[in-house]
Every structure is written in C-alpha cells, then in structure tokens.
There are 2 protein chains.
Amino acid sequence: MSERGISSAVIRRLPRYYRYLGELLENNVVRISSKELSIRMKVTASQIRQDLNNFGGFGQQGYGYNVEYLFEEIGKILGLNTIQNMIIIGAGNLGQALANYDFDRIGFRVIGIFDANPRLEGLAVHGIEIKMVDELEEFIKTHEIHVATLTVPKKNARTIASQLEEWGICAIWNFAPTDLHVSDDVCVKNVHLDESLMTLSYNFRNRGKEKYSYHSYMDD
Amino acid sequence: MSERGISSAVIRRLPRYYRYLGELLENNVVRISSKELSIRMKVTASQIRQDLNNFGGFGQQGYGYNVEYLFEEIGKILGLNTIQNMIIIGAGNLGQALANYDFDRIGFRVIGIFDANPRLEGLAVHGIEIKMVDELEEFIKTHEIHVATLTVPKKNARTIASQLEEWGICAIWNFAPTDLHVSDDVCVKNVHLDESLMTLSYNFRNRGKEKYSYHSYMDD
DNA sequence: TAGATTGTTAATCGATTAACAATC
DNA sequence: TAGATTGTTAATCGATTAACAATC
C-alpha cells in the first residue's frame, strides 16, 4: 500500500516482451539471455533486466531466461491467463471491426455489442447479436464484465462513460476522441487514432531534421 | 542539423493540446493562460509553456495565448494545414473501418484501398473501389502518397512494408501486430491494439495497489 | 572449476517542475 | 502604472544505462 506502483513506462513495454517471447517460443528457442533479446528488440539488456526485476527474478545467472517460463509469467502479470469478458458499446464500423478482432488469443472474449440505432438491433457480428443500449444496465448487472470498449461518437462518450461507472464498470477502453471524466477508481485506456496519425504526420514531415533517429519501436 | 530533435514526449502531447484548443474555439473562448489550460487538461502550466516554447513564443506576457492563433500554429506544426494522401493496404474489417473514419477533419484523404482477396475487388468502401495489391506499385508511382496504412495479417506485414519502402513510401501507419524492418528513413507509427488492451488489463487488475493514480490522460 | 549472465546498486541522462526576471 | 503571465533558467525528479558482485 505504501510502495510506489510500477511505472507506466515499464508496463507499456511488457506486451512487446510478451510478443517477442511468443515468437521465440514458436521457433522452439528454449532459452535466451538479456543480451541476445536486447539485440533482437533493439533495447538495452540493462533495461530488460531492470524491467523484469520489478516483478521478480525470472532468470538464472550464467544461463539466462527460459523462454516458455518467462512468456507464461509475463502473461500472468498482464492477466492474460484468465478469460476476461468484454462488451463493445457502439456498433459502427470500428466497433464491428473490434468485435471481429481475434482477442481470444490474449484471453479476452466479447460477450455483448450495443448500439443506439434500432436498425442494427439483432444484426449478428462475429456471432453476437447487437443489443440496444437501453438493455445495457441490465446486461452489466447480470454479467461479469471486465472491460467496456467505447466506440461511440464523441458527443455521447462522456455520458455513457459516466453511466458505465455508475453501473460498476471499472475498465474502459476508449476509442472516442475525447477525455472521459470518470473517477480515479475507473481505469481508462485511450486509443486516439487521429492523434496517432498526427504524430506520424509530424515525424515524417520533420524526418532528417534531427540528429538522431525518429524511428522508435514503441508506440510513440 | 546538429541540434537535437524535439523529444517524442513533447510531440505526443501536441495532438491533445490541439484537441483542447479546438474545443475552446468551438466554445468561443478567445484567450487562455497556461494556468487555466493546465487546470482543464490536468497537466502543469510549466509543461505547457515548455512544450510550446520548443516551437516558438506563441503567447504574450500578461495576456496568455490567443486560442485561435495557437490552434492554427499547432495544426501547422503537425502538418494538418495541407491535404495529405493516404492509402490503406488490407481491406478487412479494420481497413474498411479506417477507410470510413473521418480523417478529412485533420487533413488526411484516403485515395486508395488495396487487398489480395479477389472477391473484394471493385467493392466500394467510403466511395473508393478496392484494388488488388498487384496494382499497388503502379498506383504508388503515379500518385503522391504521404502515408500508407497497413492493416494486413501479421504474416504479410513485413514483406509488404519492404515493398512499400522500395517503392518510395516514407511513412507507414502500422496496425499489424509485429515490428516492421525498414530503414530509418521510413517513419513507422505502430498501433498495436492487442498490446493496448493488455496494458489496460494490467492496470485494472492492479488498481489500488499503488500509492498514486494509474489514471493518465496520455495513451500509456 | 571457469565462463556466462543475472540481479542490483551506482552513475548518467533526460524530462518535468519550480522559480523568477522580462514585459505586455 | 500595477497586475498578470509569459519565456527561460535552475532545481528536482524519475527513467535509463553502466558496472559489478553474486552465483549458476
């Protein structure tokens, strides 16, 4: 309770470690040193060891890390070892695309899709019939929902987010181009696609102007 | 040439400033101080002033910043004041959703959509007919393309990225869940949706364990 | 054992925040 | 002018990298 949480810089890197380890596993690589992994991932070996040691000692001196074990452990840290239920609110193009996305692979299962447009009612997306938003409260109260994905228009996003909070949702994956005003007890992860494109725009228009590479493997 | 580029931490914050200023503009707010903006955006006034002064002095002592002027200037820094052409490679759910997204608003125009599946050929998305990938090289060489959006399966992403580089594309917006191996002259901005969801998963499963809030307005 | 590589402490680097003189 | 607020320098904080003793 009194100790400082792990910095978001570290958390953001975990999925990338997980991805690289998954690929090593597919290629039947049994063990790997922080040095070897650092070369593949284009980061420092120090950073890898520091990052991992936030969560415990997963390696062995003189040997390195067992790929399968480390992969599993990072999966557990990220909560990918249990099935988590997700609902999608907003069944427009993006909402439907996400419903069709293969999130099972990382333990997430879409169990409900909602929209306000009556013309979409009952339409099946990825085998799930679209429900109307007025059924949302009942649905949330009768199901265990871990994450609510918000793919509604900007003008509706804040109102819905507040309702979600009221109904007990504590994690929102927000694709609406706005900041949500919810209490600190609710986790919000924003995916602002237009802002992502803007930073790409800046970078390629200013490439070559700076001394160092602008090419980063992180999503910045 | 010899000076250090502006840090990516600063660049990442610009779109959010742009968004807040746009909203102030809509509400007919004429001027704003860094202090007032800092309260709305939940950042420090120091950070706002430091960030902006990387690009020049946009404010006036004793007055603050003119909202419209600052909005326009940040737009120019991000390159939103000119129309930029974009193509989308991969016309699956996500590719089609992005084709329908309103990027005009920030100056981006989708002028081509490509896929390898012959069953999609000629199908119109957002008024644009899907073309086959074997037409890609010719299309790129006869059009000015600023950004190529990659929404193809993981297994095809690297091959296509290398071809895009060869054909002269210098900015790739990558949605495939893999790192691309292109030269440093090509800007890559990754959007790894599964990894975004993983960090949300970590955060809400570990909420309350740390001293400070995990709720951030940045996409971390 | 000798070599390799971790876990961890110390040093460096960069980013954020505070402070304040300049000035509108 | 007096008050407000910037632009900018200095101080702090945190994150990254380097170094190395511990140990497999």
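A, B, ... follow the sequence lines: proteins, then strands. Residue 1 opens every chain.
Between B/Ile32 atom CD1 and D/dA4 atom P there is a gap of 17 Å when expressed in whole angstrom units. Computed from coordinates, the A/Leu37 CG to C/dT5 P distance equals 13 Å when rounded to whole Å. The distance from atom CZ of A/Arg12 to atom P of D/dA15 is 10 Å, rounded to the nearest whole Å. Straight-line distance from the CD1 atom of B/Ile6 to the P atom of C/dG14: 16 Å, rounded to whole Å. Atom C1' of nucleotide C/dC20 and atom NZ of B/Lys35 are separated by 17 Å, given to the nearest angstrom. Atoms CD (B/Glu73) and P (D/dG7) sit 12 Å apart, rounded to a whole Å.
Residue side chain B/Ser46 reaches the base of C/dA18 through a donor-acceptor N/O pair under 3.5 Å, judged by distance alone.
The partner of D/dC24 is C/dG3, judged by Watson-Crick or G-U wobble contacts that both fall below 3.5 Å. Pairing partner, D/dA18: C/dT9, with both Watson-Crick or wobble hydrogen-bond distances short of 3.5 Å.
A sub-4.0 Å separation between OP1 or OP2 of C/dT16 and a side-chain N or O of B/Arg13 is present. Side-chain nitrogen and oxygen atoms of A/Thr44 include at least one within less than 4.0 Å of the OP1 or OP2 phosphate oxygen of D/dT17. Taking only side-chain nitrogens and oxygens, B/Ser34 comes nearer than 4.0 Å to OP1 or OP2 of D/dT6.
Under the 3.5 Å distance criterion, with hydrogens and angles disregarded, a donor-acceptor pair is assigned to the side chains of A/Asp179 and B/Tyr20.
For residues 151-174 of chain A, the set of pairs meeting the salt bridge (charged side-chain N to carboxylate O under 4.0 Å, His left out) definition, not counting sequence neighbours, comprises A/Lys154-B/Glu23.
Taken to the nearest 0.5 Å, the CG atom of A/Leu24 stands 13.5 Å off from the OH atom of A/Tyr17. Note that CD1 of A/Ile83 and CZ of A/Phe108 are 11.0 Å apart. Values are rounded to the nearest 0.5 Å. Taken from NZ in A/Lys76 to OG1 in A/Thr82, the straight-line distance is 11.5 Å, to the nearest 0.5 Å.
Below 30°, between 30° and 60°, or above 60°: for A/Tyr101 and A/Phe103 the angle between ring planes is below 30°, a parallel geometry.
Residues from residues 47-69 of chain A with heavy atoms under 4.0 angstrom of DNA chain D, sorted by number: A/Gln47, A/Arg49, A/Gln50, A/Gln60, A/Gln61, A/Gly62.
For B/Lys141, the NZ atom counts as densely surrounded, since its 6.0 Å shell holds more than 12 non-hydrogen atoms of other residues, nucleotides or ligands.
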